[in-house]
Amino acid sequence: MRITGLGHAGLRLDTAAGSVLVDPWTTPAHLGAWTPFPDNADLDWTSLADVDLLFVSSVAPDHLDLELLERHVRTDTPVLLPDLPLPELRDRLAGIGFTRFVETRSGEVTDVGGLRVVVPTLTRPTDGPSGTAMLWLSDGGATVLVQGDAQPRDLALVRALGPVDVHLLQVVPAGWSPMAYELPEAARRAIADDLRAHAFLTARRYVSELGAAHVVPTGGPPAFREEALAHLNRIGTDSGSTHVHPAEFRDWMADRGYDHVRLLPPGATLDLRDPGVPTGTAPDPAAELAEQRRRRPAWTPLPAGDVDLPAELRDWLEPLLARAPGVAAGIGAAVRLTAADAERDDVDLLLDFAGRVVRGYDGEKVRYELTVDRAVLEHLVAVRETDWVHSLFLSGRLSIRRIGRENELVALFLGNLDPARLDRLEAWVTHRAAGGEDVTVDGWTFQRLCPHQQADLTAVGSVADGVLTCGVHGWEWRLSDGACLTVRGMDIRSRPATPPLD
Ligand code: FES
């Protein structure tokens, strides 16, 4: 088997039973802010995209590049379709002419012309836009897991399928925190350091669990080529950005005795018949960004003109707020949304989740404030962008001020401004409120399920000094009262197992 890196999460797998194209992406994404780093625009896409199977892991625009697919992939190419809860992926591919879909069921083996494939899916609203999928495949000679962006609780399902030769995974999940927050620079760096450190430990846990002969970091970093967004690139190690280059993880792993992490930049191949010694260097970021600025124009919002933002947002968002009472109650407060404009007037609005209305901001104290360039917000409204997370938030074209802990539901609501997606979010919020049965560990009784992604806290949790830590993403709770110390609105049921003596 031969694996070719196509940039970011993109891969071409040439197996003994046919070729597979995975997540090819080159068109600027997330309001045009992201491009692959290093740039992959010069690859010979016509021949690389001439394959027997197409696999796309999610509808995130840095994985589903409709423009590239339309231009380079034959529409009669069979699509290996993950079993996701909403039909968005199929609908979007069908919308550009794809007709042949190989339906898979999460965790079950499908035989495609002698290639054995398994497509496990993660389907919670926190698992990316309408879910995300992994790809395990074996051609009888070699076995590969493309874990990609998926962050499952563990890899037990994959391990049960047998030894894996190559494990490809994203190391640090794409995010906007702390980059989008208005923070003192030292605080931003400290938070970014913590997030990266935790992500590296999580990635190492996955790597150790699977024990593959070769490990390949994929899925980042993006390049932010516009000068105004340049601070989002991690240049040097003294940086408040979480967008790391895979070489940093490779070196971190090598320091800990793992010498099988290799880089697959665009066009590089790993041939399992002759894998060679892991090599690869990070490109010079300054030169790469300068070249991308020269070759790729900056993004500009639609010339939407004067959009009546208060009226449009009321008409759009109020029916959605009414539709999702559990989500609105979980936020339970107002979020200020300022459309800033140096030439025209600012438009200052309040998304009032308690009252479930959109209204003008009149000076009241709020815990959350989002500031967006007015032309950018007009663009989002004009195109009815239903996922502000995979557009506005990840683009870095906003700034956030917050008092107190994060409430994850704010971004989840704004990432699901569509009735089908929002119904799914509402069902998830309602379901997780239950938290499973109570369990007792180290003198504390608490709910079994982590409120984040329902991990079994008896398996992945640890208790120290009255604080429970979930080992999947590191969230913490004070067990004396269940308060979540990491994000707001994620408290758990907990109490001492034995009532304290009077
Ligand atoms: S599953 Fe994410 S912190 Fe527990």
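When a residue number appears, it is its place in the shown sequence, counting from 1. Indexing begins at 1, ligand by ligand and atom by atom, following the structure's order.
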Self-check item: Enumerated ligand 1 atoms positioned under 4.0 Å from heavy atoms of C470
Solution: 1 (S), 3 (S), 4 (Fe)
Quiz item: Are any of the side-chain nitrogens in E209 or R159 under 4.0 Å away from the carboxylate oxygens of its partner?
Solution: yes
Quiz item: Do R493 and D438 sit within salt-bridge range, that is, some charged N less than 4.0 Å from a carboxylate O?
Solution: yes
Exercise. Mark up the atoms of ligand 1 that fall under 4.0 Å of a heavy atom belonging to C450, in ascending order.
Key: 1 (S), 3 (S), 4 (Fe)
Quiz item: Of all N, O or S atoms in H452, which has the smallest distance to atom 2 (Fe) of ligand 1?
Solution: ND1
Quiz item: Does the ring center of H243 lie less than 6.0 Å from the ring center of W34?
Solution: yes
Practice problem: Measure from atom 4 (Fe) of ligand 1 to each N, O or S atom of H473 and report whether any distance is below 2.8 Å. | Solution: no
Quiz prompt | Rounded distance [0.5 Å steps], CG in L11 versus CG in L264 | solution = 7.5 Å
